[in-house]
Engineer: 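One structure coming up, written as C-alpha cells, with questions to follow.
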Amino acid sequence: MSGLLNITAGYGAGGGAVLGGVLRCLAALLAYIIPALIILLPLRFFTKLPPFIFRKLLHIVAFSCVTLTILAAESWQSASLSALTVAAVAYPLLKAFENRPWFPGLFVEKEPGEIVKSMLMLFLTFAVLIAVCWGVFGRP
C-alpha cells in the first residue's frame, strides 16, 4: 500500500514514467472518443435514431473508456491520473458550453446540467475505482 501513497514509486524522483503513462492513456482515450463522436453525432442528426437509443450509445462509449484506460496504462497511477485529468479538463469545458443554445440539442439530457455532472462523476469514479482495485488490491 506504500505505492498508493507515493505516486512516483518505482519511477524515480521525477515520476516521468507516470507522466508518460498518463499521456499514453489520454492519447488512447482521444483516439477512441473522437471517432466515436464522429460516428454518433451524425447518426443523431441525420437519421431517425430515437433519442433514447442515442443516449444509450453514448453510455456505451463513456463506460467503455475505463477499459481502454486500463489497457493503455502500465501502472494504476497513470490510469487513475488520466481519468482525473479528463474530469479536470472536461468539466470546465462542458460547463462553459452548457448554457449555449445549441448544447442541449447536441446530447440528450433528461435535465439541464446532466451531461456536465455525469461526466464529472463518471471520470472521478473511474479514478477512484482504478486506485482502489489496482492500486490497493493489485487487480486492474
Engineer: Check the hydrophobic clustering (I, L, V, M, F, W, Y; side-chain heavy atoms under 4.5 Å; chains of links allowed) and say if Leu49 and Val61 are grouped together.
Structural biologist: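 Hydrophobic grouping puts Leu49 with Val61.
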Engineer: Where is the tightest heavy-atom contact between Gln77 and Val18, given as atom of each residue plus distance?
Structural biologist: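 Scanning both residues completely, I find the closest heavy atoms to be CB-CG1, 4.1 Å.
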Engineer: Please examine the side chains of Leu129 and Val66, heavy atoms only from C-beta on, and report whether any two atoms are closer than 4.5 Å.
Structural biologist: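 Result no, sub-4.5 Å side-chain heavy-atom pair not found.
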Engineer: Look up atom CD1 in Ile38 and atom CD1 in Ile33, then write down how far apart they are to the nearest 0.5 Å.
Structural biologist: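 Here the rounded value is 12.0 Å.
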Engineer: To check you understand the geometry: which heavy-atom pair defines the closest contact between Tyr32 and Leu68, and what is its length?
Structural biologist: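 Closest approach of Tyr32 to Leu68: CB-CD2, 3.2 Å.
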Engineer: Can you tell me which residue pairs pass the side-chain hydrogen bond (donor to acceptor under 3.5 Å, both in side chains) test with a partner in residues 16-26, sequence neighbours excluded?
Structural biologist: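 Every side-chain hydrogen bond (donor to acceptor under 3.5 Å, both in side chains) pair that includes a residue of residues 16-26, provided the two are not neighbours, is Arg24-Glu74.
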Engineer: I'd like to know if Leu81 and Leu30 are part of one continuous hydrophobic network [Ile/Leu/Val/Met/Phe/Trp/Tyr, side-chain heavy atoms within less than 4.5 Å].
Structural biologist: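 No, it is not one cluster - the side chains of Leu30 and Leu81 are not joined through contacts under 4.5 Å.
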Engineer: Is the shortest distance from a Lys or Arg side-chain nitrogen in Glu98 or Lys95 to a carboxylate oxygen in the other one below 4.0 Å?
Structural biologist: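 A salt bridge links Glu98 with Lys95.
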Engineer: What closest approach, in Å, do Ala87 and Pro92 show between heavy atoms, and which atom pair accounts for it?
Structural biologist: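 Taking Ala87 first and Pro92 second, the nearest heavy atoms are O-CD, 4.3 Å.
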Engineer: What's the separation between atom NZ in Lys48 and atom CD1 in Ile53, rounded to the nearest 0.5 Å?
Structural biologist: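 So the gap between those two atoms works out to 15.5 Å.
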Engineer: When you measure from the side chain of Ser118 to the backbone of Glu114, do you find a donor-acceptor pair of N or O atoms at a distance under 3.5 Å?
Structural biologist: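 Yes, the answer is positive, given that a donor and an acceptor are paired below the 3.5 Å cut-off.
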Engineer: Is there side-chain contact between Leu40 and Phe54, with at least one heavy-atom pair below 4.5 Å?
Structural biologist: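 A side-chain contact exists here, since the closest heavy-atom pair is under 4.5 Å.
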Engineer: CG of Leu71 to SG of Cys25: how many Å apart, nearest 0.5 Å?
Structural biologist: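 Those atoms lie 9.5 Å apart.
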Engineer: Please examine the side chains of Phe97 and Val116, heavy atoms only from C-beta on, and report whether any two atoms are closer than 4.5 Å.
Structural biologist: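 Val116 vs Phe97: side chains apart.
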Engineer: Do you reckon Trp102 sits in the same ILVMFWY cluster as Leu94, going by side-chain contacts under 4.5 Å, direct or chained?
Structural biologist: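 In one cluster: yes.
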Engineer: Do Leu106 and Phe45 have side chains that approach each other closer than 4.5 Å (heavy atoms only, starting at C-beta)?
Structural biologist: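 They are in contact (side-chain heavy atoms under 4.5 Å apart), so the answer is yes.
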Engineer: Mind checking whether Phe126 and Phe123 have parallel, tilted or perpendicular rings, split at 30° and 60°?
Structural biologist: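 Phe126 and Phe123: perpendicular rings.
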Engineer: I want to check something: taking the side chain as every heavy atom from C-beta on, are Arg44 and Val108 in contact at a cut-off of under 4.5 Å?
Structural biologist: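 Yes. Closest side-chain heavy atoms under 4.5 Å.
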Engineer: Working to the nearest 0.5 Å, report the span between OG of Ser80 and CD1 of Ile70.
Structural biologist: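 One gets 10.0 Å once the value is rounded to the nearest 0.5 Å.
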Engineer: Is there a side-chain contact between Phe107 and Leu58 (heavy atoms, below 4.5 Å)?
Structural biologist: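 The answer is yes; the side chains approach within 4.5 Å.
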Engineer: Quick one, Thr67 with Ser64, criterion side-chain hydrogen bond (donor to acceptor under 3.5 Å, both in side chains). Give me CA distance, side-chain angles, the key distance, then yes/no.
Structural biologist: CA-CA 5 Å; Thr67 304; Ser64 59; over 6 Å; no
Engineer: Can you name the nearest heavy-atom pair linking Ser82 to Leu26, along with the distance?
Structural biologist: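 Of all heavy-atom pairs spanning Ser82 and Leu26, the closest is O-CD2, 3.7 Å.
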Engineer: Would you give the length of the straight line joining atom CG of Leu124 to atom CE of Met119, rounded to the nearest 0.5 angstrom?
Structural biologist: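 Going from CG on Leu124 over to CE on Met119, the span is 11.0 Å.
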Engineer: For the residue pair Pro42 and Leu37, what are the closest heavy atoms and their distance?
Structural biologist: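 Nearest heavy atoms, Pro42 then Leu37: CD-O, 3.8 Å.
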Engineer: At their closest point, which heavy atom of Arg100 faces which heavy atom of Pro104, and how far apart are they?
Structural biologist: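 Scanning both residues completely, I find the closest heavy atoms to be O-CD, 3.3 Å.
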Engineer: Which residues satisfy the salt bridge (Lys or Arg N to Asp or Glu O under 4.0 Å) test with Lys56, sequence neighbours excluded?
Structural biologist: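 In terms of salt bridge (Lys or Arg N to Asp or Glu O under 4.0 Å), with neighbours along the sequence ignored, Lys56 is linked to no residue.
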Engineer: Check for me, please, whether Phe63 and Ile60 land in the same ILVMFWY cluster - side-chain distances under 4.5 Å, paths through other members count.
Structural biologist: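 Yes, one cluster joins them.
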Engineer: Would you kindly confirm whether Leu29 and Ile34 end up in one hydrophobic cluster when ILVMFWY residues are joined by side chain heavy atoms under 4.5 Å apart?
Structural biologist: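 No.
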